[in-house]
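In each ligand, atom 1 is the first atom listed, and ligand 1 is the first ligand listed.
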Amino acid sequence: MDGVTVINHPLVQHKLTIMRKKETSTAGFRRLLREISTLLCYEVTRDLELTMETIETPMQVIQAPVLEGKKLVFASILRAGNGLLEGMLELVPSARVSHVGVYRDHETLEAVEYYFKAPESLSERLVIVVDPMLATGNSSIAAIDKLKERGATKLRFLCLLAAPEGIRNFQEAHPDVPIYTAAIDSHLNEHGYIVPGLGDAGDRMYGTK
Ligand code: URA
């Protein structure tokens, strides 16, 4: 599928299967989410640009590669996006973090922002937007709208599971934002849940219901 990268690394697929199981505990789900997010982060940053820097090893002066440009931004869509952050920050501890909270007004159907915090110079940074589930796509589309309004131009979207309906909506709204996911599931049910999915990601990681 154009614009969508399915991260089919065996460790990712194995961990995802355990996360899907309904008997997996909150503690287990959270641990797996941290582990899998590290692996997903590795893949979503695979093609970052490098630049050469002069350094001195104990033996000699050399030119060695370092990441080019300003620090990355990980933008978490509240609340479930936070579950992906921890593992990602383990891998890229210098990344800046943005939090975006949006909900859809039932009457106007407009996305209402209830929280937004982002670092300076969004326009000069790669922003990796994270939310475990790309279901209808409404919240991720709205969150990316808000990030673009604040200047973000280079974005990627990272999730665990995506529904074909969500991918379609997302790509119509933001064709310039590549999607990275561990799997594309069958469909959405009448309540907007991904099937077969893993249930409500927020509830599963925080033990709420
Ligand atoms: N959000 C979730 O947490 N799970 C779904 O299946 C869909 C949206």
Asp47 atom CG, over 12 foreign heavy atoms within 6.0 Å
yes
Are Phe170 and Phe157 an aromatic pair, judged by ring center distance below 6.0 Å?
yes
Just jot down the ligand 1 atoms closer than 4.0 angstrom to any heavy atom of Gly192, in number order.
7 (C)
Can a donor-acceptor pair be found, under 3.5 Å and without considering hydrogens, that links the side chain of Gln13 to the backbone of Ile7?
yes
Report the nearest protein non-hydrogen atom to atom 2 (C) of ligand 1: residue, atom name, distance rounded to 0.1 Å.
Met133 CG, 3.5 Å
Show which atoms of ligand 1 fall inside a sub-4.0 Å distance from at least one heavy-atom site of Ala201.
2 (C), 3 (O)
List every atom of ligand 1 that sits less than 4.0 Å from any heavy atom of Asp200, numbering the atoms from 1 in the order shown and giving each element.
2 (C), 3 (O), 4 (N)
Among all protein non-hydrogen atoms, which one is nearest to atom 5 (C) of ligand 1, and what is the separation to 0.1 Å?
Tyr193 CD2, 3.4 Å
Does either side chain, that of Ser76 or that of Asn82, offer a donor lying less than 3.5 Å from an acceptor on the other one?
yes
Distance under 4.0 Å to a non-hydrogen atom of Ile194: what atoms of ligand 1 satisfy this?
5 (C), 6 (O), 7 (C)
Evaluate Ala135 for polar contact with ligand 1, using N/O atom pairs at a separation under 3.5 Å.
no
Check ligand 1 against Gly199 and write out every atom of the ligand that is under 4.0 Å from a heavy-atom position of the residue.
2 (C), 3 (O), 4 (N), 5 (C), 6 (O)
Would one find more than 12 heavy atoms of other residues, nucleotides or ligands at under 6.0 Å from atom CD of Glu49?
no
When Asp176 is tested against each of Lys154, Arg156, Lys148 for salt bridge (Lys or Arg N to Asp or Glu O under 4.0 Å), which residue passes?
Lys148
